[in-house]
Amino acid sequence: HNTTIAARDLSYVDIGTGPTVVLLHGLGMSWRAWLPVLVDLAGDHRVIAVDLPGFGSSQRLPWRRDLNGYAESVVGLLHQLEILPCTV
C-alpha cells in the first residue's frame, strides 16, 4: 500500500487479522527484510510492515540529524489507519 503522511509518500504492507504488530526495518533496508516472518506472524496478527522514509518505496525526508521524522511518519500512519494500541 501507499499513503501520504506529512506530504510524503509512505509505503507499507498490511496483512492478517488479530492484534496489531508493527514491524520497522533497520537502516539501509525495507519492509522486505521481514519476509521470512511476515506470513507466519500474519497467521494470528494484523501485521503492518513499513518502508521508513527514504527506504524501499517511501519518499525521502528532508535531511536532519535526528530520527524524529521517522517516528512522526510511523505515528502518522498508525493514526491514519486507526491502529492503536499496537505492538512495535
Side-chain angles (χ1 to χ4, degrees):
H1 303 285
N2 287 305
T3 191
T4 302
I5 303 292
R8 299 250 186 282
D9 292 333
L10 193 70
S11 179
Y12 66 97
V13 171
D14 183 351
I15 64 170
T17 58
T20 303
V21 175
V22 178
L23 303 176
L24 304 177
H25 60 78
L27 295 179
M29 302 180 93
S30 73
W31 70 261
R32 288 162 189 80
W34 294 106
L35 282 173
V37 298
L38 200 60
V39 174
D40 288 337
L41 286 172
D44 55 4
H45 291 83
R46 180 180 183 186
V47 181
I48 308 294
V50 181
D51 275 343
L52 293 172
F55 299 94
S57 299
S58 290
Q59 189 175 359
R60 292 183 181 272
L61 292 171
W63 188 83
R64 292 169 52 178
R65 289 187 179 261
D66 60 45
L67 299 177
N68 289 337
Y70 298 109
E72 291 167 359
S73 296
V74 173
V75 169
L77 177 65
L78 296 178
H79 283 292
Q80 187 178 84
L81 297 177
E82 298 179 359
I83 301 174
L84 292 174
C86 65
T87 300
V88 178

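These numbers come from a predicted model, not from an experiment. All residue numbers refer to positions in the sequence shown, counting from 1.
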Are [X] and [Y] close enough that some pair of their side-chain heavy atoms sits under 4.5 Å apart?
X     : Y     : result
Thr17 : Arg46 : no
Val47 : Leu38 : yes
Leu10 : Pro53 : yes
Trp34 : Val13 : no
Val50 : Leu23 : no
Thr87 : Pro19 : no

Would a single hydrophobic cluster contain both [Y] and [X], if residues Ile, Leu, Val, Met, Phe, Trp and Tyr are joined by side-chain heavy-atom contacts under 4.5 Å?
X     : Y     : answer
Leu27 : Leu35 : no
Leu52 : Met29 : no
Val75 : Leu81 : no
Leu77 : Ile83 : yes
Val74 : Val88 : yes

For residues [X] and [Y], report the shortest heavy-atom separation together with the two atoms involved.
X     : Y     : answer
Thr20 : Pro85 : CB-O, 4.5 Å
Ala33 : Pro36 : O-CD, 3.5 Å
Tyr12 : Thr3  : CE2-CG2, 3.8 Å
Gln80 : Ile5  : NE2-CD1, 3.8 Å

*When rounded to the nearest 0.5 angstrom, what is the spacing between CG in Asp40 and NE2 in His45?*
12.0 Å

*Look up atom CG in Leu24 and atom CD1 in Ile48, then write down how far apart they are to the nearest 0.5 Å.*
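Output value for this atom pair is 11.0 Å.
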
Would a distance-only check, ignoring hydrogens and angles, find a side-chain to backbone donor-acceptor pair under 3.5 Å from [X] to [Y]?
X     : Y     : value
Arg8  : Arg60 : yes
Asp51 : Trp31 : yes
Ser58 : Gly54 : no
His25 : Arg32 : no

*Determine, step by step, whether Val21 and Cys86 satisfy the side chain to side chain contact (heavy atoms under 4.5 Å, CB included) criterion, reporting the C-alpha distance in whole Å, the side-chain angles of both residues, the deciding distance to 0.1 Å, and the verdict.*
CA-CA 6 Å; Val21 175; Cys86 65; over 6 Å; no

